[in-house]
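Both backbone and side-chain heavy atoms feed into the values below; hydrogens, waters and symmetry mates do not.
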Amino acid sequence: MKTAFANIVEKRFGFFSKKRNFFFIVCLLFALGSCNSNVIYDENKSVNEKAWAAKDKVYYQVDIKNTAMKYKVALNVRNTTDYPYSNIYFFMNTILPDGTITKRDTIECYLAYPDGTWKGKGSSKVRDNRFWIAKNVEFKQQGRYVFELYQATTDTTLSGIVDVGLHIEYQD
C-alpha cells in the first residue's frame, strides 16, 4: 500500500514527466521542421591545399528530378588565411543529362575584403564561404547533371584552397 507521500510524488513526477515529454516532442518537431528541406545537393570536395593544379578538375553529379522548379546555385570555398590573393577565379562546365556541354562559365569569388580581412566563417586559420552564383536557374532536362569545376587563376598551381563545393537548392 502506498503512503500519502508516495502518491504525491507519483502524481507530481508523473505530471512533470508527461509535461517534459511533451516539451521534448515539441522541441524535436520544431528542430526537424526548421531544417532546410529546399537543399537538393551540397557536397564539398578536397583539393590539394599545397598545390591545386589548374588541370585538376573537381566533378559533382547532381540528379535533377523536378524540371518545373527554379533553383539557386552556390559555390562553397574553404580557404586558409595563407591564401596569397583576395579573390579566386573558377571555370565551370555543365554537362547536361543528354551529354551536351554548356558554355564554360567564369566565376570570380572574393575571399577577402578590400582592407585585407578575410570573409567567411571561421575563427582559426580556415575560412568557409558560400558564394551564390546563379538564381532562378531552370534545369530543362530531368536526369544527371555533371558540374566540372577547376581553378582559373594565372598560377599553374594554387596554394591555400582546402575544399570547393557545390550547393543547389530550390528557389524560394
Side-chain angles (χ1 to χ4, degrees), residues 33-172:
S34 66
C35 293
N36 190 347
S37 60
N38 283 344
V39 175
I40 65 155
Y41 187 84
D42 188 57
E43 184 176 5
N44 296 320
K45 295 193 176 181
S46 297
V47 296
N48 185 341
E49 179 185 338
K50 301 293 182 204
W52 183 21
K55 65 180 175 36
D56 293 339
K57 299 177 181 178
V58 182
Y59 296 91
Y60 306 92
Q61 296 183 17
V62 182
D63 290 320
I64 299 294
K65 296 178 176 73
N66 189 340
T67 58
M69 294 290 292
K70 290 189 178 184
Y71 299 85
K72 55 186 180 178
V73 179
L75 287 183
N76 299 326
V77 180
R78 179 176 287 154
N79 63 286
T80 68
T81 55
D82 293 332
Y83 182 71
Y85 306 110
S86 63
N87 65 342
I88 183 171
Y89 284 94
F90 295 101
F91 288 142
M92 185 165 73
N93 297 319
T94 305
I95 303 166
L96 306 178
D98 68 2
T100 305
I101 300 174
T102 63
K103 68 178 178 71
R104 179 175 68 190
D105 292 315
T106 304
I107 303 160
E108 181 180 16
C109 301
Y110 286 95
L111 302 174
Y113 293 103
D115 68 1
T117 58
W118 293 103
K119 291 183 174 186
K121 296 178 183 176
S123 58
S124 65
K125 191 176 175 163
V126 178
R127 296 287 187 260
D128 290 307
N129 292 278
R130 175 166 290 157
F131 300 99
W132 293 102
I133 59 171
K135 294 185 178 180
N136 294 313
V137 175
E138 295 178 352
F139 292 109
K140 305 269 186 202
Q141 299 176 22
Q142 188 175 23
R144 178 163 290 167
Y145 286 74
V146 177
F147 296 90
E148 177 183 72
L149 185 72
Y150 50 106
Q151 63 100 342
T153 63
T154 55
D155 296 352
T156 54
T157 58
L158 190 60
S159 64
I161 300 297
V162 180
D163 297 320
V164 291
L166 183 68
H167 178 93
I168 301 174
E169 61 183 62
Y170 294 119
Q171 182 75 40
D172 293 333

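Of the possible polar contacts, one joining the Asn129 side chain to the Gly120 backbone as a donor-acceptor pair under 3.5 Å is found. A distance-only check finds no donor-acceptor pair linking the side chain of Thr94 to the backbone of Thr102 [under 3.5 Å]. A donor-acceptor pair under 3.5 Å links the side-chain atoms of Gln151 to the main chain of Trp52, judged by distance alone.
By the 4.5 Å heavy-atom criterion applied to side chains, Leu166 and Val58 are not counted as neighbours. Counting heavy atoms from C-beta on, the side chains of Lys103 and Asp105 come closer than 4.5 Å. Residues Arg127 and Leu111 are not in side-chain contact: their nearest non-hydrogen atoms beyond the backbone lie 4.5 Å or more apart. Proximity of Ile88 to Leu158: side-chain heavy atoms (C-beta onward) are separated by under 4.5 Å at one or more points. Contact of the Leu149 side chain with the Leu75 side chain is registered, since non-hydrogen atoms from C-beta on lie closer than 4.5 Å.
Listed by first and then second residue, the ring-ring contact (aromatic ring centres under 6.0 Å, His included) pairs that reach into residues 100-136 are Trp132-His167, sequence neighbours excluded. For residues 76-95, the set of pairs meeting the ring-ring contact (aromatic ring centres under 6.0 Å, His included) definition, not counting sequence neighbours, comprises Tyr83-Tyr85, Phe91-Tyr150.
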Inset, instruction - Go through the steps for Thr80 and Val162 under the test side-chain contact (heavy atoms from CB on, under 4.5 Å), then give the verdict. - result: CA-CA 7 Å; Thr80 68; Val162 180; 3.6 Å; yes

Inset, instruction - Tell me, with the steps shown, if Tyr59 and Glu148 meet side chain to side chain donor-acceptor pair (under 3.5 Å). - result: CA-CA 5 Å; Tyr59 296 91; Glu148 177 183 72; 3.1 Å; yes

Inset, instruction - Could you walk me through whether Val164 and Tyr60 pass side-chain contact (heavy atoms from CB on, under 4.5 Å), step by step? - result: CA-CA 10 Å; Val164 291; Tyr60 306 92; 3.4 Å; yes

Legend entry - Pair Ile40-Ile64, side-chain contact (heavy atoms from CB on, under 4.5 Å): steps then yes or no: CA-CA 8 Å; Ile40 65 155; Ile64 299 294; 3.6 Å; yes

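For the atom pair Asn66 CG and Phe139 CZ, the distance stands at 11.5 Å (nearest 0.5 Å). The distance from atom CG of Asn87 to atom NZ of Lys119, rounded to the nearest 0.5 Å, is 10.0 Å. Note that CD1 of Ile95 and CD of Gln61 are 9.0 Å apart. Values are rounded to the nearest 0.5 Å. Here the straight-line distance linking atom CD1 of Ile168 with atom NZ of Lys72 works out to 12.5 Å at 0.5 Å rounding. Atom-to-atom distance recorded for Lys70:NZ and Asp172:CG is 13.5 Å, nearest 0.5 angstrom.
More than 12 non-hydrogen atoms from other residues, nucleotides or ligands lie less than 6.0 angstrom from NZ of Lys45.
Thr81 approaches Ser124 most closely through the heavy-atom pair CG2-O, 4.3 Å. Between Arg130 and Asn76 the shortest heavy-atom distance is NE-OD1, 2.8 Å. The minimum heavy-atom distance between Pro84 and Ser159, with the atom names listed, is CD-O, 3.5 Å. Across Ile161 and Val47, no two heavy atoms sit closer than the pair O-CG2, 3.4 Å.
With sequence neighbours excluded, no residue forms a ring-ring contact (aromatic ring centres under 6.0 Å, His included) with Phe147.
A side-chain donor from one of Thr100 and Asp98 sits under 3.5 Å from a side-chain acceptor of the other. Glu169 and Asn38 form no side-chain donor-acceptor contact under 3.5 Å, judged by distance and modelled atom types alone.
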